[in-house]
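Below is one structure, written out as structure tokens; the observations come after it.
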Amino acid sequence: MMENRNEQIAAASGVFAIGGDLPVSRLGFGAMRLTGEGIWGPPKDKDAAIAVLKRAWDLGITLIDTAEAYGPEISESLIAEALYPYPKGLVIATKGGLLRTGPNQFRPDGRPQRLRQDLEGSLRRLRVDQIDVYQLHYPDPNVPFEDSVGEIAKMKAEGKIRHVGLSNVTIDQLTAAQKIVPIVTVQNHYNLEQPQAVGIDIQQTAALIDLCAQENIGFIPWHPRSVGDLARPGSVLDQIARRYNAQSSQIALAWLLKRSPTILPIPGTASVKHFEENVEAAKIRLSQDEFEAIRRVAHA
């Protein structure tokens, strides 16, 4: 299905092998925005959501990131409806351990029984026997971190998970998890507007990104396109964007791709037009001077 791809633009972003054996386009797609408002319920335009997913494959995206909590359950079901049987080379990463109770409402639930329930549901919705990359969505302050990671390790040992990732974690949590099971990805909040992960300062986030690069761990920045006031008219970012005849958000994605060889941005949208704009960022090659100029204003 859909094997005739003539415009594999995303391939220009480069390739990273998750876990050493799952090569993906470094520019991926985040499927959170395919759901209803507030990440709750079905999308207003289901056909548009399906079209975005199909266009993602057409343009060379080989990494799609989702989660049980997106909808909940909606995003995973849409992915299967649009792309199953999955084309060879497509990698789907999903997450469990975040309970969504309403629009824009969620709380961590890292209990082992909840994680197992989430994983079994993801397997059914995605119509697979094994999840390519299964990520702990958020550490639960009410559950020992080692218990949550330990349950995911058990499910990996059972063959239900190929590789394990983490989301919204610190360096200490990454280190603790690595003592239990190999970790192949870390997904944290990171962008030019707010260059630090949730609950972690800029220096610690930078150290985490560099550590991931050293250990060949994919670092997946969520909300990667955000630029805020950095894109105001006449700003450094605006000037560079004009130089490339690009949007500031496209420059933000190009900056992330240059920041570290293991960074895997996953911009999300429910619009084919916006999706195509995002993918164009794969072709932008910032100079080192441009990269540093943006870094100085973003990290000031």
Side-chain angles (χ1 to χ4, degrees), residues 9-16 24-30 32-33 59-61 63 65 167-168 170-171 185-269 271 273-300:
I9 299 171
S13 65
V15 174
F16 174 74
V24 297
S25 54
R26 286 189 57 209
L27 187 65
F29 176 69
M32 183 179 74
R33 295 293 176 189
L59 293 186
I61 295 288
L63 171 63
D65 178 85
S167 186
N168 302 301
T170 64
I171 288 179
T185 57
V186 170
Q187 183 171 161
N188 276 15
H189 188 227
Y190 183 66
N191 54 49
L192 289 177
E193 180 183 23
Q194 191 175 0
Q196 69 274 335
V198 175
I200 310 176
D201 64 27
I202 293 176
Q203 288 74 24
Q204 288 177 314
T205 297
L208 177 58
I209 291 171
D210 293 341
L211 177 62
C212 285
Q214 292 165 18
E215 301 192 4
N216 209 37
I217 294 171
F219 184 89
I220 305 174
W222 56 266
H223 208 195
R225 297 170 66 253
S226 185
V227 292
D229 290 341
L230 292 176
R232 64 187 180 278
S235 68
V236 169
L237 188 59
D238 178 60
Q239 291 176 41
I240 293 173
R242 289 174 182 275
R243 195 175 302 160
Y244 286 89
N245 192 27
Q247 303 292 326
S248 293
S249 58
Q250 293 172 317
I251 298 300
L253 292 172
W255 189 91
L256 288 172
L257 289 167
K258 190 173 178 66
R259 167 64 177 84
S260 165
T262 72
I263 280 186
L264 312 172
I266 50 167
T269 178
S271 159
K273 179 177 181 293
H274 290 160
F275 170 77
E276 291 174 344
E277 288 178 357
N278 290 339
V279 176
E280 286 292 325
K283 299 189 293 187
I284 297 174
R285 295 289 183 271
L286 298 175
S287 70
Q288 190 62 33
D289 286 346
E290 290 167 336
F291 174 84
E292 293 296 344
I294 293 171
R295 185 206 286 263
R296 284 193 292 272
V297 295
H299 294 200

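This one's a predicted model, so the numbers in the text were calculated from it and none came from an experiment.
Here the shortest heavy-atom pairing between A252 and V227 reads CB-CG1, 3.6 Å. P221 approaches L256 most closely through the heavy-atom pair CG-CD1, 4.1 Å. Across all their heavy atoms, N191 and P224 have their closest contact at CB-O, 3.7 Å. Scanning all heavy atoms of the two residues, the minimum distance from A282 to L257 falls at CA-CD1, 4.4 Å. When every heavy atom of S25 is checked against every heavy atom of S13, the shortest pair comes out as C-OG, 4.0 Å.
Of the possible polar contacts, one joining the T262 side chain to the I217 backbone as a donor-acceptor pair under 3.5 Å is found. A distance-only check finds no donor-acceptor pair linking the side chain of E277 to the backbone of Q250 [under 3.5 Å]. The backbone N or O of N188 sits nowhere less than 3.5 Å from a side-chain atom of N168 that would complete a donor-acceptor pair.
Within 6.0 Å of atom CZ in R33, 12 or fewer heavy atoms from other residues, nucleotides or ligands are found, so the atom counts as exposed in its surroundings. More than 12 heavy-atom neighbours from other residues, nucleotides or ligands sit within 6.0 angstrom of CZ on R285.
Atom CD of E290 and atom CZ of R243 lie 5.0 Å apart (nearest 0.5 Å). Rounded to the nearest 0.5 angstrom, I263 CD1 and Y190 OH are separated by 5.5 Å. Rounded to the nearest 0.5 angstrom, S167 OG and Q187 CD are separated by 4.5 Å. Residue L230 holds its CG atom at 11.5 Å from CD of Q194, rounded to the nearest 0.5 Å. Note that OG of S260 and CZ of R26 are 7.0 Å apart. Values are rounded to the nearest 0.5 Å. Taking CD1 from I220 and CG from L63, the interatomic distance works out to 6.0 Å, rounded to the nearest 0.5 Å.
A 4.5 Å side-chain heavy-atom check between I171 and Q204 finds every atom pair outside the cut-off. Put simply, the side chain of L59 reaches to within 4.5 Å of the side chain of F275, judged on heavy atoms. Taking the side chain as every heavy atom from C-beta outward, T269 and N278 approach each other to under 4.5 Å. Residues F29 and V279 are not in side-chain contact: their nearest non-hydrogen atoms beyond the backbone lie 4.5 Å or more apart. Between L286 and Y244, some side-chain heavy-atom pair lies under the 4.5 Å cut-off. For the pair L208 and C212, the minimum side-chain heavy-atom distance is below 4.5 Å. A heavy-atom distance below 4.5 Å is found between the side chains of P267 and L253. Counting only heavy atoms from C-beta outward, the side chains of I251 and L237 approach each other to under 4.5 Å.
Taking the six-membered ring where the residue is Trp, H189 and H223 present parallel rings, their angle staying beneath 30° rather than reaching 60°.
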query: Going through the distances and angles, do E276 and K273 end up as a salt bridge (Lys or Arg N to Asp or Glu O under 4.0 Å)?
result: CA-CA 5 Å; E276 291 174 344; K273 179 177 181 293; over 6 Å; no
Test side chain to side chain contact (heavy atoms under 4.5 Å, CB included) applied to D210 and R259, step by step: CA-CA 9 Å; D210 293 341; R259 167 64 177 84; 3.1 Å; yes
- request: Starting from the C-alpha separation in whole Å, work towards a yes-or-no answer on side chain to side chain contact (heavy atoms under 4.5 Å, CB included) for W255 and R295.
  value: CA-CA 9 Å; W255 189 91; R295 185 206 286 263; 3.8 Å; yes
